[in-house]
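Notes follow the structure.
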Amino acid sequence: MPKKRQYWLMKSEPDAFSWQDLVDSPGKTTFWDGVRNYQARNTMRDLMKKGDGVFFYHSRTKPPGVVGVAQVVKEGAPDPTQFDAKAKYFDAKASPENPRWYGVEIKAVGILPSYVSLEDIKGNCDLDEMPLVQKGQRLSVQPVGEKEWQTVLKMGGWKGRKI
DNA sequence: GCCAACGTTGGC
DNA sequence: GCCAACGTTGGC
């Protein structure tokens, strides 16, 4: 039974970790750590699969929007920062035997030739169903439908390989 | 920098 | 197990 390709959107504040930081990472790959929201955790731990497409979204920028395309290269694994007492994301209630927080590894595939801002997304009625534009939506890791994935790629002038 | 929306914590 | 207080997110 072939698995259906899934798509996601991951938010990051560029001051903390930008698209360029991802591109500059060894192998253009990074472990997505520091997520401390249970729903986002469940998504990364249980749902995101190797090869899934990821929109890399810059939040708290002027303007916020989708900057590039990435892919999941390693599925959910315990986030090491939860065990590090000195780390910002330390969680005293987590232990290696009983991890609480998970992350995935993603790899940059390519930048979108044209940035797709939040305003652009809100302005396209084909994208009304995206969690991103729902009121009060704050999830840093969220699903993207097949239709929405293709629409945003088109808006961004994506000429890269199909994911 | 403001603040609405939302999630989590902890006293009871 | 309720819910007020608190902390965080993220657009504006």
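Residue numbers start from 1 in every chain, and the chains themselves are labelled A, B, ... in the order their sequence lines are given, proteins ahead of strands. No experiment lies behind these values; they were computed from the predicted model shown.
Between C:dG11 and A:Tyr57, a contact under 4.0 Å exists linking OP1 or OP2 to a side-chain N or O.
Counting heavy atoms from C-beta outward, A:Met48 and A:Gln6 have side chains that stay 4.5 Å or more apart. Using a 4.5 Å heavy-atom cutoff, the side chains of A:Ile106 and A:Val73 are not in contact.
For the pair A:Arg138 CZ and C:dG11 C1', the interatomic distance rounds to 12 Å; values are reported in whole Å. Between the CG atom of A:Asp15 and the C1' atom of B:dG1 there is a distance of 15 Å, rounded to whole Å. Remark: P of C:dG7 and OH of A:Tyr38 are 18 Å apart, rounded to the nearest angstrom. A:Arg41 has its CZ atom 10 Å from the P atom of B:dT8, to the nearest Å. Rounded to whole Å, the distance from NZ on A:Lys11 to C1' on B:dA5 is 12 Å. In this entry the distance linking CZ of A:Arg100 with P of B:dT8 reads 10 Å, nearest Å. Put simply, OH on A:Tyr89 is 10 Å from P on C:dT8, counting in whole angstrom units. Straight-line distance from the CD atom of A:Glu13 to the P atom of C:dT8: 12 Å, rounded to whole Å.
Exactly one of A:Val66, A:Ile121, A:Val144 qualifies for a side chain to side chain contact (heavy atoms under 4.5 Å, CB included) with A:Leu132. That residue is A:Ile121.
Residues from residues 121-136 of chain A placing a heavy atom under 4.0 Å of any atom in DNA chain B, listed by number, are A:Lys135, A:Gly136.
Ring geometry, A:Phe55 versus A:Trp149: the interplanar angle falls under 30°, so the pair is classed parallel (tilted spans 30 to 60°).
Put simply, the side chain of A:Arg36 and the base of C:dT8 share no donor and acceptor less than 3.5 Å apart.
Both A:Asn37 and A:Lys93 sit near DNA chain B, but only A:Asn37 has its closest nucleotide nearer the 5' end.
Here the closest non-hydrogen pair linking A:Leu139 and A:Ala40 is CD2-N, 4.0 Å.
No side-chain donor from either of A:Asp84 and A:Thr81 sits under 3.5 Å from a side-chain acceptor of the other.
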Requested in this report: For A:Asp79 and A:Arg36, run salt bridge (charged side-chain N to carboxylate O under 4.0 Å, His left out): C-alpha distance rounded to whole Å, both residues' side-chain angles, the deciding distance at 0.1 Å, then the answer.
Outcome: CA-CA 10 Å; A:Asp79 177 348; A:Arg36 295 294 180 267; 3.0 Å; yes
